[in-house]
Amino acid sequence: MTVEERTGTSDPRPGPPAAVPRRAVVLGGGLAGMLAASVLVGHADEVVVLERDRLPATALPRKGLPQARHAHLMLSGGARAVESLLPGITDAWVGAGARRMALPTALVSLSAQGWIPRATGRQFLISCSRDLLDLVVRQRVTALPRVTVREGVEVLGLTGDARRVTGVRVAGAGGGEPWTLPSDFVVDATGRGSRAPHWLTGLGLPAVREETVDSGLVYASRLFRAPPGAEDFPVVSVAPAPGGALPGQGMTMHPVEGGRWLVTVSGTRGGEPSRDADAFEPFARRLRHPLAADIIARAEPLSDVHLNRSTVNRRRCFERLDPWPAGFVVTGDAVAAYNPVYGHGMSVAALAAVALREVLAGEVLADPRVARRAQRAITRTADPAWAMAAGEDIHYPGAVGERPPAAARLLRGYLQRMMRTGTVDHAVTGVLLDVMTLSAPVSRLFTPAVALRVARGPGRRPSHEPPVTAAELARVGLAAR
């Protein structure tokens, strides 16, 4: 595998197109782009990944992914999808310092309806920094044959017309003369900032419909040193409670590599966190339960407070565009980006890569029907996460977006009762986690057996105290209540 432009001395411009009879180009070297590249390896003589940043050789932040400083959890549905694309990746993550944490066994979570019971379950999450997650995937993909990464490259637009995309126009990220990179198949994985709608109208296609739901959420994160012996403390989550008159505020604390905890707090309009380090713990203490504040009060801070406001739920309806150009597909956050609080973005990107693989199986990239089928399949992978994120966020005070129809409001009422039941009923908790980790379809929530349990309700009040053991509290310097 050749990685070009890492030192800035190579010429990224391609040779004559005839030298590469089948070239696939991926725009963006993040998680979604690398997973798409892993799929395209089986369908092209060359897969070229174009990335604006210089990609770090270790698990370090990069300019084009500022949100990496905040909590990122790879849910079991996404982890299994990545595993199917890159066998052994879970062991590689764990070997690099990540933790595979069973759900709900290793989860201390206060939902909007109460504490989730910790029982043996079917699901899990991969807990580490986003930088480590990306690094391990990047190392695996760039080691594949026929993959080339060209760093420091800015994509200016698409070439071709409304019927077919034939390549991309690119230039050095620092400027310079543009050039054209011909391609039989282009995948846009440039994330929230994707310019695909603009590029497509430039080819003569209609405008792409966009849907947004903005809760006004701001989130702030800080790294802490875990006390010796507490590196494997459960994930702690305090969810906000949408629908009331007060802003929604919550937090997540999870272990990352190097014996550290990453703590992310969040708040909607009127209740946002700040960059002030002295205000971080007090903010956590004002949440619906002070457990996380009690823990970090005894932990050593290792970083400044990093703030992020890029939390709008945004969905671009590429699947509705008619016609759709052959040879072009959009994936990852460029299709649908979610409020990061729900932790779905990376897992949906992984499921999208699996959908792309399934569509391309036995097909050739030049087939004009393939790209349209792939775009529709990728969109379907985004639907459940979009319904969950947008359906909740619209209920926060001051939220901006289209109000859900009456049927959606009835569905939300059912789900709220289900979550309330899940605070007591372990079987219902398991089904909820199956769906929330994107490991099962939403239809699983409505099977007769589950619906009967939901109709009966919890039967008793949920616990008022977090399901954490005295031994776990002792490891972080706290006494049992």
Side-chain angles (χ1 to χ4, degrees), residues 73 75-81 83-84 101-125 213 237 239-243 313 315 336 338 341-344 347-348 350-352 354-355 358 376-395 403-463 467:
L73 298 170
L75 305 176
S76 47
R80 292 187 184 107
E83 186 74 31
S84 76
M101 309 192 75
L103 296 179
T105 312
L107 177 67
V108 178
S109 176
L110 179 60
S111 74
Q113 283 73 34
W115 291 102
I116 301 294
R118 294 171 67 185
T120 302
R122 297 177 288 269
Q123 305 308 330
F124 63 93
L125 56 83
V213 174
S237 172
N313 298 284
R315 177 175 177 170
Y338 318 94
V341 160
Y342 302 105
H344 283 147
S347 295
V348 172
L351 293 169
V354 171
E358 292 173 350
R376 288 174 172 171
I378 287 169
T379 298
R380 286 193 293 272
T381 67
D383 287 343
W386 175 263
M388 284 186 269
E392 280 298 294
D393 278 9
I394 197 62
H395 295 282
R403 295 288 156 176
R409 293 195 294 271
L410 289 172
L411 173 61
R412 182 169 181 266
Y414 173 84
L415 292 177
Q416 287 181 322
R417 183 173 177 83
M418 185 176 185
M419 293 184 70
R420 179 77 172 180
T421 304
T423 62
V424 173
D425 189 327
H426 292 180
V428 171
T429 299
V431 173
L432 277 167
L433 286 172
D434 290 346
V435 174
M436 294 174 71
T437 60
L438 306 181
S439 301
V442 175
S443 59
R444 182 75 61 81
L445 301 175
F446 307 104
T447 63
V450 173
L452 180 59
R453 287 178 178 271
V454 173
R456 289 173 177 167
R460 57 184 172 86
R461 293 182 179 275
S463 172

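- Between the Thr429 side chain and the Gly422 main chain, a donor and an acceptor come within less than 3.5 Å of each other.
- A distance-only check finds a donor-acceptor pair linking the side chain of Ser347 to the backbone of Leu75 [under 3.5 Å].
- The aromatic rings of Trp386 and Tyr338 lie tilted to each other, with the angle between the two planes from 30° to 60°.
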Inset, instruction - Determine, stepwise, if the pair Val435 / Gln123 fulfils side chain to side chain contact (heavy atoms under 4.5 Å, CB included). - result: CA-CA 10 Å; Val435 174; Gln123 305 308 330; over 6 Å; no

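- Nearest heavy atom pair, residue Trp115 against residue Pro467, reads CE3-CD, 3.6 Å.
- No more than 12 heavy atoms of other residues, nucleotides or ligands lie within 6.0 Å of CE in Met436, so this atom counts as exposed by the packing criterion.
- Considering CG of Leu351 and CZ of Arg380, their distance stands at 13.0 Å, rounded to 0.5 Å.
- Between the side chain of Tyr414 and the backbone N or O of Leu445, at least one donor-acceptor pair lies under 3.5 Å.
- Residue Ala382 comes nearest to Val348 through the heavy atom pair CA-CG1, 3.9 Å, listed as atom of the first residue, atom of the second, then distance.
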Inset, instruction - Check the pair Leu438 / Met388 against side chain to side chain contact (heavy atoms under 4.5 Å, CB included), numbers first and verdict last. - result: CA-CA 11 Å; Leu438 306 181; Met388 284 186 269; 4.0 Å; yes

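- Side-chain contact between Arg122 and Asp434 is present, with at least one heavy-atom pair separated by less than 4.5 Å.
- A side-chain donor-acceptor contact under 3.5 Å links Arg403 to the backbone of Ile394.
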Inset, instruction - Would you sort out whether Glu358 and Val354 count as a side chain to side chain contact (heavy atoms under 4.5 Å, CB included), showing the intermediate values? - result: CA-CA 6 Å; Glu358 292 173 350; Val354 171; 3.7 Å; yes

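- Here Thr421 contributes atom OG1 and Met419 contributes atom CE; the two are 11.0 Å apart, rounded to the nearest 0.5 Å.
- For Gln416 against Gln113, the heavy-atom pair with the smallest separation is O-CG, 3.6 Å.
- Expressed to the nearest 0.5 Å, how far CG of Leu432 lies from OG1 of Thr437 amounts to 10.5 Å.
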Inset, instruction - Check the pair Thr379 / Arg315 against side chain to side chain contact (heavy atoms under 4.5 Å, CB included), numbers first and verdict last. - result: CA-CA 10 Å; Thr379 298; Arg315 177 175 177 170; 3.8 Å; yes

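- Under the 4.5 Å side-chain criterion, counting only non-hydrogen atoms from C-beta, Val431 is in contact with Met418.
- Taking every heavy atom of both residues into account, Thr423 and Ser111 meet most closely at CG2-OG, 4.3 Å.
- Annotation: the span from Arg420 atom CZ to Leu415 atom CG amounts to 15.5 Å, rounded to 0.5 Å.
- For the pair Arg417 (side chain) and Val454 (backbone), a donor-acceptor distance under 3.5 Å is present.
- The backbone N or O of Ala119 lies less than 3.5 Å from a partner atom in the side chain of Thr105, making a donor-acceptor pair.
- Closest approach of Phe124 and Ala79 over heavy atoms only: CE1-CB, 3.7 Å.
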Inset, instruction - Apply the test side-chain hydrogen bond (donor to acceptor under 3.5 Å, both in side chains) to residues Ser439 and Arg80: give CA-CA distance (whole Å), side-chain angles for both, the deciding distance (0.1 Å), then the verdict. - result: CA-CA 8 Å; Ser439 301; Arg80 292 187 184 107; 3.1 Å; yes

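- A donor-acceptor contact under 3.5 angstrom links the side chains of Asp393 and Tyr342, judged on distance only.
- No donor-acceptor distance shorter than 3.5 angstrom exists from the side chain of Arg118 to the backbone of Ala106, with no hydrogens or angles considered.
- Pro240 approaches Ala112 most closely through the heavy-atom pair O-CB, 3.9 Å.
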